[in-house]
2 protein chains.
Amino acid sequence: MKGSENANFIPNLSYDCVIFGFNGKTLKILILEYQNTGFFALPGGFIKKNQSLKEAVHQGVEERTGLKNVFLDQFQIFASLERSDPFAMRRILEANNKNIEENNWMMNRFITVGHYALINYEDVDPKPDHLSDSIGWYAIEDVPRLMMDHNDIVDKALEVLRNNISEKIIGMNLLPQKFTMKQLQQVFEAILDQKLRRTSFQRKMLSLDILERHEKLFEGKAHKAPYLYSFT
Amino acid sequence: MKGSENANFIPNLSYDCVIFGFNGKTLKILILEYQNTGFFALPGGFIKKNQSLKEAVHQGVEERTGLKNVFLDQFQIFASLERSDPFAMRRILEANNKNIEENNWMMNRFITVGHYALINYEDVDPKPDHLSDSIGWYAIEDVPRLMMDHNDIVDKALEVLRNNISEKIIGMNLLPQKFTMKQLQQVFEAILDQKLRRTSFQRKMLSLDILERHEKLFEGKAHKAPYLYSFT
DNA sequence: TATCTATTGTCTCACTTTATGACAATAATT
DNA sequence: AATTATTGTCATAAAGTGAGACAATAGATA
């Protein structure tokens, strides 16, 4: 049947990506809005037949953020029967004046591979893709209702980020190259959604032997200047 | 093209499962041998178009072990371009006198979802499937060379089991309902591949508040009888 | 029946790690 | 020179862990 498949892509398989950034105060993620539909969604896409999953996701992240080689983790498959929503896909295609017949394959069942990415907020210039008219940062507590099961994907990504990721990976990817101990602490407070004790945090981080101390940062404030650190 | 797809299954997607069992001494996994090929592989299969991934894997585990509702965790996708091996698939089909044309789809590229299962060794009566002539338990240190990237899947499953799983889940699923503290310790020693101190282990487990103490177990040995425990 | 053996449950003491608060140092302002 | 806000570090208490000691005990032995 015409359009029931696309020769370029592996059928029934997609990826979605929760792209985390830290603006100095709160943890944020990138969310797309599809033109004239009111639908919000995670950045995602399909895997070409001659492409590894990893390549596909890196390419998708680069298209939306301009960043290459970001930290990416593939954390779970979402494969229930109920998750696909052919009616929503049809509306998105219609709103973009795409030929429904030709794009019929997009209304099939999709099993998606959930990823999250950690990126340096300052480096990003978010760009919408060809089906969406906006892409923007949303604080983790202000994420709107997303399409299909994308809210579940966000929740699970955050859970994995909280539980399974090393201090070094978090700090290296969400902060600039040099940072103060306070900034590092604020990243963890934003991720864990709880205040941490300053002295314990500092002692713990220094004992992990993953930090290198550099010059002081003079912010022009009337108090002792903090050291800058980088990861070893 | 005839046989390039199978109408029942989602194309290009499979699952594989590392089924862990504990025989009282060592940690073992179930491995299949395909008829007349010398190929060893993990139990795995395909996902029907009207079936969730979870259902598919549970069904596959049940067919090989007779066990329903076992603990299952879907821990990673394996999606590189190099992982598929159409020549090996062809040999397996030939050795089983299967029609190559009709089963052409099995020689496509497959992305597989790696799972592991924890089961009670005593409850299992392993059964080969229609393409394999043997299925058996192999101690984790004696796993033979497996097809494709299945050894990588085993290694990763063990890594996840070691790092990310709670005491309760491990004990509940790998041991009988009632067990002694020594048995519990042996499970952990087998998984971690290291000896643990008896007294520290006992104190730790009791402090976790996940155990209920029952009657003593009289084994007929000339020493103090241990208590039996179950998980709360 | 009394003694012996192997293993279990618990306790102790030393050591390490973590929590919490105290305090001096200091960059800029007043 | 005194003040303010924040930083780096130390002191002490509390909690957790490692390593061994020891009494309790189920059955074997004599």
Side-chain angles (χ1 to χ4, degrees), chain A residues 22 24-25 162-163 165-168 170-171 175-232, chain B residues 22-26 162-163 165-168 170-171 175-232:
Chain A
F22 179 69
K25 300 200 78 175
R162 281 181 178 152
N163 296 328
I165 311 301
S166 80
E167 288 81 2
K168 186 166 174 173
I170 287 179
L175 286 175
Q177 209 250 321
K178 287 186 180 176
F179 50 86
T180 65
M181 193 59 77
K182 184 169 204 169
Q183 287 178 286
L184 186 58
Q185 186 177 338
Q186 285 170 326
V187 171
F188 282 87
E189 290 179 338
I191 290 174
L192 301 173
D193 194 27
Q194 60 175 315
K195 289 299 263 179
L196 301 175
R197 321 206 134 263
R198 186 180 63 91
T199 52
S200 301
F201 182 81
Q202 171 133 340
R203 179 161 36 81
K204 180 71 181 293
M205 287 298 142
L206 293 176
S207 75
L208 287 176
D209 209 36
I210 54 177
L211 293 178
E212 196 171 346
R213 181 177 282 185
H214 300 284
E215 72 280 7
K216 290 187 168 188
L217 171 66
F218 299 95
E219 294 173 283
K221 301 282 180 58
H223 55 73
K224 191 170 177 178
Y227 287 106
L228 286 168
Y229 296 88
S230 66
F231 287 95
T232 51
Chain B
F22 179 70
N23 71 347
K25 300 199 77 176
T26 57
R162 280 180 179 153
N163 297 327
I165 310 301
S166 79
E167 287 81 2
K168 186 165 174 173
I170 288 180
L175 286 175
Q177 208 250 322
K178 286 187 182 178
F179 49 87
T180 64
M181 191 61 77
K182 183 169 203 168
Q183 286 177 289
L184 186 59
Q185 184 176 341
Q186 284 171 325
V187 171
F188 282 87
E189 289 179 338
I191 290 175
L192 300 173
D193 194 26
Q194 59 175 317
K195 287 298 262 180
L196 302 175
R197 327 213 125 257
R198 185 179 64 89
T199 54
S200 303
F201 181 81
Q202 171 136 340
R203 184 177 40 189
K204 181 70 182 291
M205 287 298 142
L206 293 177
S207 75
L208 288 177
D209 209 35
I210 52 178
L211 294 178
E212 196 171 347
R213 181 177 282 185
H214 300 283
E215 73 279 8
K216 290 188 169 190
L217 172 66
F218 298 95
E219 296 172 286
K221 302 280 180 60
H223 55 74
K224 192 170 176 177
Y227 287 105
L228 285 169
Y229 295 88
S230 66
F231 286 95
T232 52

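The basis for the numbers below is simple: all heavy atoms, side chains too, and nothing from hydrogens, waters or symmetry mates. Proteins come first, then strands; the chains are lettered A, B, ... in the order of their sequence lines, and each starts at number 1. Since we're looking at a predicted model, the values are computed, not measured.
What separates CG of B/Leu217 from P of C/dT7 is a distance of 14 Å, to the nearest Å. For the pair A/Lys204 NZ and C/dA19 P, the computed distance is 8 Å after rounding to whole Å. In this entry the distance linking CE of A/Met205 with P of D/dT7 reads 16 Å, nearest Å. Separating the CZ atom of A/Arg213 from the P atom of D/dT7 is a distance of 13 Å, rounded to the nearest angstrom. With rounding to whole Å, A/Gln202 atom CD is found 7 Å from D/dT9 atom P. Here D/dT6 presents its C1' atom at 16 Å from CZ of A/Phe201, a figure rounded to the nearest Å.
Sorted by first and then second residue, the side-chain hydrogen bond (donor to acceptor under 3.5 Å, both in side chains) pairs involving residues 191-201 of chain B (not counting sequence neighbours) form an empty list. Sorted by first and then second residue, the pairs that involve residues 185-204 of chain B and meet ring pair (Phe, Tyr, Trp, His ring centres under 6.0 Å), not counting sequence neighbours, are B/Phe188-B/Phe201.
Within residues 183-197 of chain A, the residues approached by DNA chain C to less than 4.0 Å at the level of any non-hydrogen atom are A/Arg197, in residue-number order.
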Show me, pair by pair, the donor-acceptor contacts under 3.5 angstrom made by side chains of residues 218-231 of chain A, not counting sequence neighbours?
unit_1   : atom_1 : unit_2   : atom_2 : d
A/Tyr229 : OH     : A/Arg213 : NE     : 3.2
A/Tyr229 : OH     : A/Arg213 : NH2    : 2.9
A/Ser230 : OG     : A/His214 : NE2    : 2.6

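The side chain of A/Pro226 has D/dG8 as its nearest neighbour among C/dT20, D/dG8, C/dG9.
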**Message:** Using a 4.0 Å heavy-atom cut-off to protein, can you give one letter per nucleotide of nucleotides 22-30 of chain C, 5' to 3': B if the base is in contact, S if only the sugar-phosphate is, - if neither?
**Reply:** B--BBBB--
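Under the salt bridge (charged side-chain N to carboxylate O under 4.0 Å, His left out) criterion, B/Lys178 pairs with B/Glu215, sequence neighbours left out. Every residue meeting the side-chain hydrogen bond (donor to acceptor under 3.5 Å, both in side chains) condition with B/Gln185, not counting sequence neighbours, appears here in chain and number order: B/Glu189.
Counting non-hydrogen atoms of neighbouring residues, nucleotides and ligands closer than 6.0 angstrom, the CG atom of A/Asp209 reaches no more than 12 such neighbours. Environment of NZ in B/Lys216: crowded, with over 12 heavy atoms of neighbouring residues, nucleotides or ligands closer than 6.0 Å.
Closest approach of B/Arg162 to B/Ile191, counting heavy atoms only: NE-O, 2.7 Å. Of all heavy-atom pairs spanning B/Thr232 and B/Lys168, the tightest one is O-NZ, 2.7 Å.
Applying the 3.5 Å distance criterion, the base of D/dG18 shares a donor-acceptor pair with the side chain of B/Arg203.
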